[in-house]
Amino acid sequence: MFLLANYLLILLGAVVEFVLDGAARWRSARWSLDWLRWLEKVFGTQSWWRGWLAVLVTLGVPVAAVAAGFALLHELSALLAYAISLIVFVLMLGPEDLAAEVAAHQREPAAGARDRQNMPPPAYLRHAGPVDLGPLTGDDEFDEARGELAALALAAEHAWFQPLFWFLVLGPVGAVAYRLCANLRRAPGLSAEMAQRFAIVREALEFVPARITVGALGVAGTLVPVLDCARHAGLGTWGASATLVARTALAATDNGRIREVIGGDAQRYRINQMHALLKRAMTVWLVMAAAVALAAA
């Protein structure tokens, strides 16, 4: 019943996020960055701080506090615990509003050159790390846009699919653990040693759900190119989760081999196409999660 209850909360959260226009204005990465900043201030001079114990304290203390808090809530009122779990799930999505970012990005091609220079890039582009997208396709228009399309797919992976998986498996504890790790991975001023350790933990969290996303992208898009791409991109390779999701998302759109005539701006068309693909993949994720939750009930 635990998985089924979590799944029902996920469905309610999906309604809030995709039907009722989300809760992006309440979401922020500041809480996690402030936590790290406070730890740095208190323990930054200690010899153990750059080791794995520092990662354990940084991630473990908030997660343990959330686990203890929800255990107490369930003792007081199960209904109240479920209500707060729903709020936590919605807040752990993002933290950005991906639909708003896409809309902002869509306005860029229509703006003049001076306006484009003054526009900050959408958050999913500002936070996109370098990912190897493989050889060029030979379609110049698609190759020019594919970095942005891959960044959008990775943003959906980190904002939607990963929190969904960890909330289903572990409830609010799992969602908080993933979001904390994802936020801290890109914390400003983080030492290279600490960043590497957070990257290892994040890969451990993302390894399984990223492979599920590959399957969802295949079902939502073009299955055969996705399977072929996954085989070459390293489906079982440790550390390849981001590359795998980015490449298979492009393959799910058949790498720009669009058979209908594109009217208007080609870049805008492809962004719309990728956004629609990711929303279909979210539907596939929800169906697969329903099957797991019902089987375990």
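Here the structure is a predicted model, which means the values were calculated and not measured.
A side-chain donor-acceptor contact under 3.5 Å links R179 to the backbone of G94. Judged by distance alone, with hydrogens and angles left aside, the side-chain atoms of T248 form no donor-acceptor pair with the main-chain N or O of L227 at under 3.5 Å. When atom types are taken as modelled, the side chain of S77 and the backbone of L80 share a donor-acceptor pair closer than 3.5 angstrom. Put simply, the side chain of R202 never gets that close to the backbone of R185: no donor and acceptor are under 3.5 Å apart.
Legend: residues meeting side chain to side chain donor-acceptor pair (under 3.5 Å) with W285, ordered by chain and number and at least two apart, are T213. Residues forming a side chain to side chain contact (heavy atoms under 4.5 Å, CB included) with A177 (at least two apart in sequence, or on another chain): V63.
Ring geometry for Y82 against H74 counts as perpendicular: the plane angle is over 60°, on a 0 to 90° scale with 30° as the lower cut. Between F18 and W160, the angle of the ring planes goes over 60°, which puts this pair in the perpendicular group of the 30/60° scheme.
Looking only at side-chain heavy atoms (C-beta outward), R270 and R146 stay at 4.5 Å or farther from each other. The side-chain heavy atoms of I84 and F70, taken from C-beta on, include a pair separated by under 4.5 Å. Using a 4.5 Å heavy-atom cutoff, the side chains of L286 and L164 are in contact. The side-chain heavy atoms of L205 and F165, taken from C-beta on, include no pair separated by under 4.5 Å. Within the 4.5 Å cutoff, side-chain heavy atoms of L149 are placed close to those of F142. Residues M274 and L250 meet the side-chain proximity criterion, which asks for heavy atoms closer than 4.5 Å. L98 is listed as a side-chain neighbour of L152, based on a closest heavy-atom distance under 4.5 Å.
The two residues L235 and F207 make their nearest non-hydrogen contact at O-CZ, 4.5 Å. Of all heavy-atom pairs spanning V245 and A153, the tightest one is CG1-O, 4.3 Å. Minimum interatomic distance between S32 and A29 (heavy atoms only, all atoms of both residues): OG-O, 2.7 Å. Nearest heavy-atom pair across L168 and A289 is CD2-CB, 3.8 Å. Scanning both residues, R27 and L93, for their nearest heavy atoms gives CD-O, 2.7 Å. The heavy-atom pair separating W49 from L36 by the smallest distance is CZ2-CD1, 4.3 Å.
Residue Q46 places its CD atom among more than 12 non-hydrogen atoms of other residues, nucleotides or ligands, all under 6.0 Å distant.
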Using the rule given for salt bridge (Lys or Arg N to Asp or Glu O under 4.0 Å), can you reason through R50 versus E40, listing the C-alpha separation, both sets of side-chain angles and the distance that settles it, and then say yes or no? CA-CA 10 Å; R50 295 291 177 251; E40 288 272 5; 3.7 Å; yes
What's the verdict on side chain to side chain contact (heavy atoms under 4.5 Å, CB included) for Q196 and S191, showing C-alpha distance, side-chain angles and the deciding distance? CA-CA 9 Å; Q196 184 179 20; S191 69; over 6 Å; no
Could you walk me through whether K279 and H275 satisfy the side chain to side chain contact (heavy atoms under 4.5 Å, CB included) test, starting with their C-alpha distance in whole Å, then the side-chain angles of each, then the deciding distance to 0.1 Å, before giving a yes or no? CA-CA 6 Å; K279 288 190 286 187; H275 194 212; 4.2 Å; yes
